[in-house]
*Asks:* 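I'd like to ask you about the structure that follows.
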Protein chains: 2
Amino acid sequence: MTSFVKIKYINLKTTGEIIREKREEKGLLLRELAASLKIDSAILSKLERGERKPAKEQLIKIAKLLGMNKKELVLSWLSDKIVFDIADEEYGVEALKIAEKKIEYLKKKKS
Amino acid sequence: MTSFVKIKYINLKTTGEIIREKREEKGLLLRELAASLKIDSAILSKLERGERKPAKEQLIKIAKLLGMNKKELVLSWLSDKIVFDIADEEYGVEALKIAEKKIEYLKKKKS
DNA sequence: TGTATATTTGACAAGTTTTGTCAAGATAAA
DNA sequence: TTTATCTTGACAAAACTTGTCAAATATACA
């Protein structure tokens with residue numbers, strides 16, 4: 001079964017912030033979630049504070065463990081990655097627009 | 001002095017393709033440009049064919065050596081990087097849009 | 001064709017970054 | 001203060017990057 005989830009309210013928080021909120025909402029300790037993820041709580045602490053970025057596999061696992069919508073979390077993570085790429089770049093915003101066009105172009109090319 | 005260069009025609013080619021074209025236009029051999037860059041021609045070959053991605057420093061150097069507009073090449077390189085990030089991602093295009101909003105949001109937050 | 005020149009490929013090494021562990025330090029709650 | 005939670009930084013191992021080199025392939029042209 002495939003399900004389509006329309007995401008209406010875009011979450012501009014960082015992935016770490018979202019994870020921390022959700023974890024606390026669930027009343028889980030850093031140590032507890034970390035154990036489920038099979039990582040040291042030091043790492044989870046760093047992930048939540050944005051000092052490190054989760055691998056995609058970890059992210060998916062986190063979404064599952066916290067009962068979150070996977071798409072929302074992946075979108076946050078991916079967009080964080082893009083923002084990080086261009087954050088200190090003079091032409092970052094322009095590059096974003098060009099990237100959109102390139103994606104479009106590549107899609108057309110394929111079909 | 002600051003100069004503003006308006007880029008009218010967006011180049012959707014990859015950075016490597018642009019470099020190769022420009023190099024051939026100038027009649028330079030892979031070996032020759034590589035020597036100026038102080039790298040092995042094997043690497044330049046890989047950069048041009050997109051097998052590897054240039055470091056930003058290399059890119060700037062290449063732009064200078066080929067007498068190219070630096071902004072154009074940096075834009076191509078940055079957008080390639082973004083495209084690479086999201087190319088195999090289910091929600092890539094959506095993530096791009098969110099990244100734009102995040103950038104906007106971060107800018108506002110700063111000011 | 002054969003030979004020279006140019007480019008590509010892949011194995012490898014060195015350097016860097018990432019991803020994790022651990023223990024000590026800081027913070028917060030009781 | 002004591003106890004539990006979280007943060008920080010030093011360190012190690014693994015993964016990725018960036019380069020060299022030599023052999024294989026492709027291109028050009030006498």
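All chains are named by letter (A, B, ...) in the order of the sequence lines, taking the proteins before the strands, and each is independently numbered beginning at 1.
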*Asks:* Going by an N to O cut-off under 4.0 Å, is there a salt bridge joining B/Arg49 and B/Glu17?
*Replies:*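 No, B/Arg49 and B/Glu17 are not salt-bridged.
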
*Asks:* Please determine whether a side-chain nitrogen or oxygen atom of B/Arg49 lies at a distance below 4.0 Å from atom OP1 or OP2 of C/dT9.
*Replies:*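 So the side chain of B/Arg49 is within the cut-off, an N or O lying under 4.0 Å from OP1 or OP2 of C/dT9.
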
*Asks:* What range of DNA chain D does chain A touch, first nucleotide to last, counting atoms under 4.0 Å from its heavy atoms?
*Replies:*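 Contact boundaries, 5' end first: D/dT5 to D/dG9.
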
*Asks:* Does the side chain of A/Asp80 pick up a donor-acceptor pair with the side chain of A/Thr14 at under 3.5 Å?
*Replies:*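 Side chains of A/Asp80 and A/Thr14: no pair found under 3.5 Å.
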
*Asks:* Closer than 4.0 angstrom, basic N to acidic O: yes or no for A/Glu104 and A/Lys101?
*Replies:*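 A/Lys101 and A/Glu104: not salt-bridged.
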
*Asks:* Could you check whether A/Lys71 pairs with B/Glu90 (Lys NZ or Arg NE/NH1/NH2 to Asp/Glu carboxylate O, under 4.0 Å)?
*Replies:*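 No, this pair does not count.
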
*Asks:* Which pair of heavy atoms, one from A/Glu89 and one from B/Val74, lies closest together, and at what distance?
*Replies:*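 Heavy-atom minimum between the residues: OE1-CG1, 4.4 Å.
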
*Asks:* Hey, does the side chain of B/Ser45 come within less than 4.0 Å of C/dT8's phosphate (OP1/OP2), counting only N and O?
*Replies:*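 Checking C/dT8 against B/Ser45, a side-chain N or O does come within under 4.0 Å of OP1 or OP2.
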
*Asks:* Which heavy atom of A/Lys102 sits nearest a heavy atom of B/Asn11, and at what distance?
*Replies:*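 A/Lys102 and B/Asn11 have their closest heavy atoms at CE-O, 4.1 Å.
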
*Asks:* If you assign A/Ile39 and B/Glu24 each to the DNA chain C nucleotide with the nearest heavy atom, which residue ends up on the more 5' nucleotide?
*Replies:*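 Nearest-nucleotide comparison on DNA chain C picks B/Glu24.
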
*Asks:* Quickly work out the A/Leu37 CG to C/dT19 C1' distance and round it to whole Å.
*Replies:*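 In whole Å, C/dT19 C1' and A/Leu37 CG are 14 Å from each other.
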
*Asks:* Applying side chain to side chain contact (heavy atoms under 4.5 Å, CB included) between B/Ser76 and each of B/Leu59, B/Leu12, B/Ile18, report the one that passes.
*Replies:*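 Exactly one candidate clears the test, B/Ile18.
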
*Asks:* Would you kindly give the CG-to-P distance between B/Asp40 and C/dG10, to the nearest whole Å?
*Replies:*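 Taking CG of B/Asp40 and P of C/dG10, I get 16 Å after rounding.
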
*Asks:* Whole-Å distance between C/dT7 P and B/Glu48 CD?
*Replies:*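 For the pair B/Glu48 CD and C/dT7 P, the rounded distance is 8 Å.
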
*Asks:* Strictly below 4.0 Å, heavy-atom distances to any atom of DNA chain D: list the hits from residues 25-33 of chain A, or just say none.
*Replies:*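 Going residue by residue through residues 25-33 of chain A, the ones with a heavy atom under 4.0 Å of DNA chain D turn out to be A/Leu29, A/Leu30, A/Arg31.
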
*Asks:* At 4.0 Å (heavy atoms only), tell me whether B/Gln58 reaches a base, stays on the sugar-phosphate, or touches nothing.
*Replies:*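 Result for B/Gln58 = sugar-phosphate.
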
*Asks:* How many whole angstroms separate atom CZ of B/Arg20 from atom C1' of C/dT7?
*Replies:*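 Value for this atom pair: 8 Å.
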
*Asks:* Checking all strands, does B/Ala42 fall into the base, sugar-phosphate, or nothing category for heavy-atom contacts under 4.0 angstrom?
*Replies:*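 Base: the residue B/Ala42, judged by heavy atoms under 4.0 Å, touches a nucleobase.
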
*Asks:* For the pair A/Arg23 and A/Glu48, find out whether any cationic side-chain nitrogen is under 4.0 Å from an anionic carboxylate oxygen.
*Replies:*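 Salt bridge between A/Arg23 and A/Glu48, a charged N being under 4.0 Å from a carboxylate O: yes.
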
*Asks:* Verify the contact: side-chain N or O of B/Arg23 to OP1 or OP2 of C/dT7, cut-off strictly under 4.0 Å; return yes or no.
*Replies:*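 Affirmative; the distance criterion is met.
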
*Asks:* Of all the heavy-atom pairs spanning A/Leu47 and A/Pro54, show the shortest one and how long it is.
*Replies:*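 Distance-wise, the nearest heavy atoms are CD2-N, 3.4 Å.
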
*Asks:* Mind calculating the distance between NZ (A/Lys56) and C1' (C/dT18) to the nearest angstrom?
*Replies:*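 So the two atoms are 19 Å apart, to the nearest Å.
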
